[in-house]
Amino acid sequence: MEVKTSLLDNMIGVGDMVLLEPLNEDSFIENLRNRFDHNEIYTYIGSVVISMNPYRSLPIYTPQKVEEYRNRNFYELSPHIYALADEAYRSLRDQDKDQCILITGESGAGKTEASKLVMSYVAAVCGKGQEVNKVKEQLLQSNPVLEAFGNAKTMRNDNSSRFGKYMDIEFDFKGDPLGGVISNYLLEKSRVCKQPRGERNFHIFYQLLSGASDDTLMKLKLDRDFSKYNYLSLDSANVNGLDDAASFRTVRNAMQIVGFMEAEVQSVLELVAAVLKLGNIEFKPESRINGFDESRVKDKNGETIMCELLGIEQSVLERAFSYRTVEAKMEKMSTTLNVAQAYYARDALAKNLYSRLFSWLVTRINESIKAQAKTRHKVMGVLDIYGFEIFEDNSFEQFIINYCNEKLQQIFIELTLREEQEEYIREDIEWTNIEYFNNAVICDLIENNQNGILAMLDEECLRPGTVTDDTFLDKLNTICAEHQHFESRLSKNSKFLTDHSLPHSCFRIQHYAGKVLYRVEGFVDKNNDLLYRDLSQAMYKATHSLMRQLFPEGNPAKVNLKRPPTAGFQFKASVGVLMKNLQTKNPNYIRCIKPNDKKVAHIFTDSLVCHQVRYLGLMENVRVRRAGYAFRQPYESCLERYKMLCKKTWPQWRGPTRDGVEVLLTDCSVPSEEFAYGRSKIFIRNPRTLFTLEERRRACLEDLATLIQKIYRGWKSRTHFLLLKKSQVVVAAWYRRYAVSLLCTQEHIQNVMPVQMWTSIQQTSQGLMMYILNYQCKKYRGQFTEEKKSVYEEKLEASEIFKDKKALYPSSVSQPFKGDYLEIQKNPKYQKLNGAVEEKVLLADLVNKINRANGKGSPRLFLLTKSNFVLADQKTGQVKASVPLPDLASVSVSTQSDGFFALKLKEGSASASKGDFLLSSEHLIEIITKLHRIGTTAADRDQINIDISDE
């Protein structure tokens with residue numbers, strides 16, 4: 001019978017925060033700490049999973065765990081990411097509902113690992129088969145490729161994703177994976193040119209230099225020394241726990257599995273090398289007649305190597321770094337670039353080259369993993385995207401990342417409320433409006449097409465005249481001054497004029513997760529994301545196989561004078577598409593939290609966790625979930641769990657389960673306002689009510705355990721008593737029979753002659769002795785193992801062969817047959833010989849081989865198997881002779897106490913040319929017995945004749 005379990009069993013702290021009492025921030029953090037200290041890293045908020053990064057391996061992801069959570073109810077076992085993955089997969093497979101799994105949290109919280117765990121669980125529980133396994137492997141192996149090119153070591157995380165990733169995994173009607181589609185968001189391409197102190201560039205640069213072969217590096221004109229490349233920071237180039245060389249081999253293997261051709265891999269590595277070489281190009285000023293400085297390349301060697309890698313003429317690239325062409329309608333004007341502008345152009349080219357290569361990789365992976373079938377697919381989306389970021393210095397990247405998180409929070413609250421409302425409607429429970437903070441006003445502040453911050457930033461970037469970050473801030477101060485979530489020192493709102501925590505070059509937004517101060521420096525430049533047209537056209541002229549795909553705007557035949565869309569506009573559009581995609585799917589949430597900033601196990605920093613709990617909106621999530629009824633459970637589960645609390649429902653309720661629950665709650669005197677009856681579930685309003693039921697259940701279980709123990713002990717005592725009573729009846733019956741028999745025979749016994757009585761007693765005594773002896777022998781034999789039994793059988797066979805025939809035999813009786821006297825399996829000296837013998841060695845002994853010419857003896861190793869006997873040199877272990885046992889005609893020994901025996905070979909056999917063997921051994925009896933035993937048991941050969949005589 002299957003054991004019914006529950007989330008409430010053996011609970012450490014509270015497994016579901018919805019049931020937390022009292023509910024406040026301190027109790028929330030304390031519950032997380034308590035569970036974390038006991039290695040319980042997962043906690044629920046209803047159907048949301050909170051995941052704490054343990055910073056170490058835990059034995060909770062084994063195949064046994066996969067099977068444990070497979071096809072189980074979400075609340076049936078302790079909280080686990082597998083429970084959420086299983087619930088999502090079964091809803092997709094069985095109910096035909098498209099799913100999405102949203103994984104959020106700050107850098108280092110474990111988002112990437114969480115997405116891998118979800119994908120590996122789904123891969124483990126879905127179907128099998130050659131084609132299905134190939135698809136699963138390709139989907140899983142896309143991760144190492146994207147991590148190498150899109151992840152980097154940061155202060156918070158040694159494997160931080162520097163891009164957002166959304167993967168749609170497509171399934172057929174059976175729930176088997178068909179393929180997938182990956183979307184990437186906002187690669188942090190500024191990292192290519194500059195990294196904060198203590199951080200690294202993207203992994204692939206270090207992996208290539210550490211793990212590529214010398215031949216590959218020579219072709220790419222690279223050196224393993226990190227210090228030779230300006231784009232690679234040196235203070236943290238080597239990271240403990242990261243093996244860049246091994247990772248490079250993993251990436252190469254993953255690219256092969258995903259479907260990259262060798263030529264494509266080589267092309268990708270050439271572009272990575274070109275980015276490194278590009279960072280080493282430096283410029284110097286050169287004066288012109290008009291008085292302006294013009295940039296020139298200092299050392300052309302590095303530029304030459306990069307041009308060779310890209311297949312571009314050096315003069316074309318030099319001109320692109322020295323001049324900029326501006327086109328307007330029918331006019332074209334060329335201006336010189338000074339040194340600062342040349343460095344800007346170089347870095348812009350490096351960032352664009354790398355980010356476009358990354359996008360090409362994603363597209364190429366999609367070509368390999370996309371579903372081939374044209375039928376409708378079931379879809380499970382997995383979103384692994386950057387969490388809310390609040391740094392000391394927040395710029396454009398943090399602004400649009402936090403905008404994305406505002407949108408995700410908005411859809412999270414909407415979908416959570418919608419899910420709650422839909423369940424209330426399904427269960428016919430009255431819905432009451434829930435008050436919550438609606439962050440739509442913040443989203444509107446950022447994305448409004450007329451007065452939104454992004455719209456104003458685009459307007460500044462596109463307008464003619466002098467455009468700076470300060471002019472952008474002035475526009476914000478004018479238009480957003482009265483907005484309740486916007487703060488600026490220079491705005492018309494006088495209450496911030498004396499706020500010294502708000503610098504003049506910054507603005508502050510009150511996000512749902514807290515206030516964030518943004519420095520406007522770089523906003524305009526990063527939003528423009530300009531790459532001079534001269535550089536695009538130069539790249540298009542390159543002969544490298546990928547360059548025309550990466551820089552299509554460089555085609556001179558398709559010159560587009562329209563300004564390309566800004567980074568903010570593109571990101572806003574992609575976020576809009578993502579939100580529409582997510583709203584068509586059933587959501588599942590994983591909220592990742594990092595317990596400390598030191599990236600070590602067993603440390604829980606309350607302030608850091610509290611900060612994340614606030615910006616993830618977890619308390620708001622609990623309040624929304626608890627606004628109506630905190631706990632709900634199917635009637636069957638409720639009745640099964642609490643039926644022992646009521647005499648009318650214990651031990652078995654015969655009627656409808658809902659009626660049973662009504663009887664149960666009435667008998668337990670639960671106030672009617674504390675619960676409501678749905679169509680299939682009981683809804684409990686207050687967690688205290690649930691915990692009261694749990695406490696009564698625990699007490700009742702203790703009473704039931706005592707009752708069961710009492711009944712068992714009574715049954716055991718009565719059973720023993722009845723056995724004694726039965727035995728007494730049998731003994732009494734036999735005694736009465738004996739007494740009657742004794743009285744009837746007394747007269748006869750008195751007439752029996754004493755001699756006849758003594759003879760009868762002797763016979764009885766002998767019979768009893770034989771019986772006891774046979775019993776003792778049987779008991780002794782019963783203790784034999786198969787190995788010991790075989791040894792005694794051999795001893796018995798030796799007795800039949802040699803007893804009263806060979807004078808040596810009596811002295812061998814007390815010696816056990818060991819078989820392997822050389823310990824050939826353990827002795828390293830005989831390792832080579834042991835490898836030469838394919839079968840199990842039955843006997844290994846040292847013998848003397850007698851030379852027939854001069855009678856001298858030579859020591860030899862004698863090995864016996866079921867098919868052969870082998871003679872080998874004692875010192876070297878070299879095989880001297882190997883004779884199949886079917887070629888052996890007979891064995892001759894004398895009747896004396898010597899150890900000589902002769903092995904006679906059959907005439908005409910393959911081994912006859914070697915001649916007969918005359919040997920001597922201290923273990924002659926055992927050798928001959930084993931030879932005879934093998935010949936007797938083998939069905940495919942003649943029995944070996946044993947000749948014992950002095951002739």
Side-chain angles (χ1 to χ4, degrees), residues 112 115-116 119 131 134-152 161-170 177-189 192 202-205 207-208 211-212 216 220 247-275 309-311 350-373 377 379 381-384 536 539-540 542-555 570 574 577:
T112 301
S115 68
K116 289 180 187 175
M119 291 177 64
E131 192 59 34
K134 178 184 176 183
V135 172
K136 289 194 289 189
E137 191 64 17
Q138 285 187 330
L139 290 172
L140 293 174
Q141 289 301 322
S142 65
N143 280 321
V145 179
L146 294 178
E147 283 186 22
F149 287 86
N151 288 25
S161 296
R162 308 316 298 161
F163 69 104
K165 182 179 79 171
Y166 177 76
M167 174 184 275
D168 266 334
I169 308 172
E170 300 173 331
L178 296 172
V181 179
I182 298 172
S183 302
N184 65 297
Y185 301 94
L186 191 67
L187 178 74
E188 187 191 24
K189 57 186 178 183
V192 173
F202 293 101
H203 289 326
I204 188 61
F205 295 113
Q207 292 172 357
L208 175 61
T216 300
L220 298 175
S247 297
F248 182 73
R249 292 189 290 272
T250 301
V251 172
R252 288 294 302 264
N253 182 59
M255 293 179 81
Q256 184 179 2
I257 292 172
V258 171
F260 283 82
M261 306 298 290
E262 189 58 36
E264 291 177 316
V265 176
Q266 184 62 27
S267 297
V268 169
L269 296 182
E270 286 171 354
L271 293 188
V272 174
V275 171
L309 288 170
L310 298 180
K351 290 185 287 186
N352 273 273
L353 180 58
Y354 190 83
S355 65
R356 295 182 189 204
L357 171 62
F358 185 78
S359 297
W360 179 88
L361 281 169
V362 173
T363 304
R364 178 64 184 82
I365 290 172
N366 284 337
E367 288 176 5
S368 292
I369 66 175
K370 68 180 179 182
Q372 301 300 319
H377 308 140
V379 177
V382 180
L383 178 66
D384 170 9
S536 296
M539 293 300 104
Y540 189 83
T543 59
H544 190 278
S545 59
L546 296 181
M547 295 306 288
R548 293 198 172 190
Q549 298 178 54
L550 301 186
F551 295 90
E553 77 277 13
N555 187 350
Q570 293 180 67
S574 61
V577 172

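Looking only at side-chain heavy atoms (C-beta outward), M539 and L550 stay at 4.5 Å or farther from each other. Residues V268 and I204 have side chains not in contact (no heavy-atom distance under 4.5 Å, counting atoms from C-beta outward). Annotation: side chain of Q549 is not in contact with side chain of H544 (no heavy-atom distance under 4.5 Å). Between K165 and V382 there is no side-chain heavy-atom pair separated by less than 4.5 Å. Contact annotation: the side chain of L186 never approaches that of Q570 to less than 4.5 Å [non-hydrogen atoms, C-beta and beyond]. For the pair Q138/I365, no side-chain contact is recorded, criterion being any heavy-atom separation below 4.5 Å from C-beta on. Side-chain contact between E170 and V135: absent, with no pair of heavy atoms (C-beta onward) separated by less than 4.5 Å. Looking only at side-chain heavy atoms (C-beta outward), L361 and F260 come within less than 4.5 Å of each other.
Between L178 and H377 the shortest heavy-atom distance is CD1-CD2, 3.5 Å. Closest non-hydrogen pair, A254 versus V145, comes out as CB-CG2, 3.8 Å. The shortest heavy-atom contact between K136 and P177 is CG-CG, 3.5 Å. Annotation for S115 and D384: closest pair OG-OD2, 3.9 Å, computed over non-hydrogen atoms. Residue F163 comes nearest to L146 through the heavy atom pair CE2-O, 3.9 Å, listed as atom of the first residue, atom of the second, then distance. Between Q141 and P144, the closest heavy-atom pair is O-CD, 3.1 Å.
One finds the CG atom of N253 at 12.0 Å from the CZ atom of F248 (value rounded to the nearest 0.5 Å). The OG1 atom of T543 sits 9.5 Å away from the CZ atom of R548 when rounded to the nearest 0.5 Å. How far CG of N366 is from CZ of R364: 10.5 Å, rounded to the nearest 0.5 Å. Rounding to the nearest 0.5 angstrom, the gap separating the CD atom in E270 from the CG atom in L310 is 8.5 Å. Rounding to the nearest 0.5 Å gives a distance of 13.0 Å between CZ of R356 and CG of L546. Once rounded to the nearest 0.5 Å, the distance linking CD1 of I182 with NZ of K370 reads 13.5 Å.
Heavy atoms from other residues, nucleotides or ligands lying under 6.0 Å from CD of Q256 number 12 at most.
Looking at R162, its side chain never comes within 3.5 Å of a backbone N or O of N151 through a donor-acceptor pair. The backbone N or O of V258 lies less than 3.5 Å from a partner atom in the side chain of S368, making a donor-acceptor pair.
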- Message: With salt bridge (charged side-chain N to carboxylate O under 4.0 Å, His left out) as the criterion, how do E262 and R252 come out once you've worked through the C-alpha distance, each side chain's angles and the decisive distance to 0.1 Å?
- Response: CA-CA 10 Å; E262 189 58 36; R252 288 294 302 264; 2.6 Å; yes

- Where do I257 and L140 land on the side chain to side chain contact (heavy atoms under 4.5 Å, CB included) test, with the steps shown first? CA-CA 10 Å; I257 292 172; L140 293 174; over 6 Å; no

- Item | Verdict with reasoning, V251 to E147, per side chain to side chain contact (heavy atoms under 4.5 Å, CB included) | CA-CA 9 Å; V251 172; E147 283 186 22; over 6 Å; no

- Task: Would you please test K189 and N352 for side chain to side chain contact (heavy atoms under 4.5 Å, CB included) and show each step?
- Result: CA-CA 8 Å; K189 57 186 178 183; N352 273 273; 4.2 Å; yes

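In this structure, the ring of F202 has its center no less than 6.0 angstrom from the ring center of F358.
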